[in-house]
Amino acid sequence: MTINAHNRLLMTGAAGGLGQAMRGRLKANCAVLRLSDRAEFGPAHSHEEIMLADLADADAVLATMHGVDAVVHFGGISVEGPFGPILQANILGVYNLYEAARKQGTKRIVFASSNHVTGYYRQSETITADHAPRPDGLYGVSKAFGEDLSRFYYDRYGIETACVRIGSSFPEPKDRRMLASWLSYDDLHRLITACLTTPVLGHSIIFGMSNNSVTWWDNARARHVGYAPQDSSDVFREAVFARTPAPDASDPAVQFQGGGFVKAGPFPFTG
Ligand code: NAI
Ligand code: 15L
């Protein structure tokens, strides 16, 4: 399959964990990979462009979108915390991104949403994309806002979006919860590639997970995207059980899908 479907692809959040992990991989998906973040992350390599921008700065975000065919949007606050920075990066920032896409004619976005949009479902439940959001904190609420905003921009302006509710994307699952939520870097790249290349994406909500035996999420609503995970947390299961204590079943972090996020905060407003 040809995965090089775009001329210029913009990846935000390039200085972060997933940005660094996807930077090399996404070069196969485009002729030019434009990388953006508010933080410095060194020089451009071949077939790359770097444009620093704070997502809260509408003019800067508009400039990064010039000539861009599609976006992988990783930028923003990635954990629970005070509302001020979340407001700037994840709410104003995602609005600036979609306004820039509308103005520049960019038609497809892969939005890094999060499992924390639905973190208040129980680990005993299996949910689909049709289940209502139940955010487990301000961070989850901000990602739910991004999902709704992207749906509006699809219905009104035809900008297609994959809202990828990423589980836990790290080199390995760090704890027992992540045996259910783990998404390998290679599967994340497969999922992004599927979203970038499927002929008709529409507005889709997709759980970002590998082929883990234990799972809380059902991707039946997103079969049209053609994502086929090839990795599984199962190979880490024994080692994770051996190095982690037996969970306390009365702990909310063990009861709810969002894990420790359901116990984070409250945080003061800091603008
Ligand atoms: P990260 O925190 O390592 O990277 C986020 C990047 O966004 C950072 O480089 C940061 O400088 C940048 N950023 C923050 N505020 C910004 C602003 N106002 N303007 C411009 N850039 C800004 O996070 P990570 O792990 O790489 O995650 C990437 C995305 O995926 C995030 O949106 C996160 O919410 C989402 N996600 C990640 C998961 C994971 O398991 N790694 C799970 C679920 C969602
Ligand atoms: C997220 O949304 C975070 O960005 C990431 O750092 C992990 O905490 C992940 O969720 C998770 O739920 O494991």
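Whatever order the structure lists ligands and atoms in, that order sets their numbers, starting from 1. Just so it is clear, the model here is predicted, and its values are computed rather than measured.
- In this structure a side-chain-to-backbone donor-acceptor pair under 3.5 Å is missing from Asn96 to Val61.
- Shown in contact with Met178 at under 4.0 Å from a heavy atom are these atoms of ligand 2, numbered in order with element: 13 (O).
- Dense packing is recorded around CZ of Phe236, with more than 12 heavy atoms of other residues, nucleotides or ligands lying under 6.0 Å away.
- If you number the atoms of ligand 2 from 1 as listed, the ones under 4.0 Å from a heavy atom of Ser114 come out as 1 (C), 2 (O).
- Checked for salt-bridge contact, Asp148 and Arg151 miss the test: no charged N lies under 4.0 Å from a carboxylate O.
- Taking the charged nitrogens against the carboxylate oxygens, Arg34 and Glu48 have no contact shorter than 4.0 Å, which rules out a salt bridge.
- Taking the charged nitrogens against the carboxylate oxygens, Asp57 and Arg38 have no contact shorter than 4.0 Å, which rules out a salt bridge.
- Put simply, part of Gly167 is less than 4.0 Å from ligand 2, judged by heavy atoms.
- Of all the atoms in ligand 2, the ones that sit under 4.0 Å from a non-hydrogen atom of Arg177 are 11 (C), 12 (O), 13 (O).
- Taking each of Trp182, Phe170, Tyr139, Phe261 in turn, the one with a heavy atom nearest to atom 6 (O) of ligand 2 proves to be Phe170.
- The nearest protein atom to atom 10 (O) of ligand 2, hydrogens excluded, is given as His116 NE2, 3.1 Å; this is a heavy-atom distance.
- Taking the centre and axis of the six-membered ring of Phe241, the NZ or CZ atom of Arg176 falls inside the cone set by 45° and 6.0 Å.
- The closest non-hydrogen atom to atom 4 (O) of ligand 2, taken over Ala112, Gly258, Ser169, Ser78, comes from Ser78.
- Not a single donor-acceptor pair under 3.5 Å links the side chain of Thr198 to the backbone N or O of Cys195.
- Salt bridge Asp69/Arg108: absent, no basic N to carboxylate O contact under 4.0 Å.
- Under a cut-off of 6.0 angstrom, the local environment of CZ in Arg223 is sparse, with at most 12 non-hydrogen atoms contributed by other residues, nucleotides or ligands.
- Looking at residues two or more places apart in sequence or on another chain, you find a side-chain hydrogen bond (donor to acceptor under 3.5 Å, both in side chains) between Tyr98 and Thr161.
- In terms of protein heavy-atom proximity, atom 13 (O) of ligand 2 is nearest to Ser168 OG, 2.6 Å.
- Taking 4.0 Å as the cut-off, Lys143 does not count as a neighbour of ligand 2 on heavy-atom distance.
- Near ligand 1, Gly13, Ala15, Gly16, Gly17, Leu18, Asp37, Arg38, Ala53, Asp54, Leu55, Phe74, Gly75, Gly76, Ile77, Ser78, Ala89, Ala112, Ser113, Ser114, Tyr139, Lys143, Ile166, Gly167, Ser168, Ser169, Phe170 each place a heavy atom less than 4.0 angstrom from the ligand.
- Contact annotation: for Ile166 versus ligand 2, there are no heavy atoms closer than 4.0 Å.
- Each of the atoms 10 (O), 11 (C), 12 (O) of ligand 2 lies under 4.0 Å from some heavy atom of Asn115.
- Between Arg102 and Glu99 there is a salt bridge, since a side-chain N of the basic residue sits under 4.0 Å from a carboxylate O of the acidic one.
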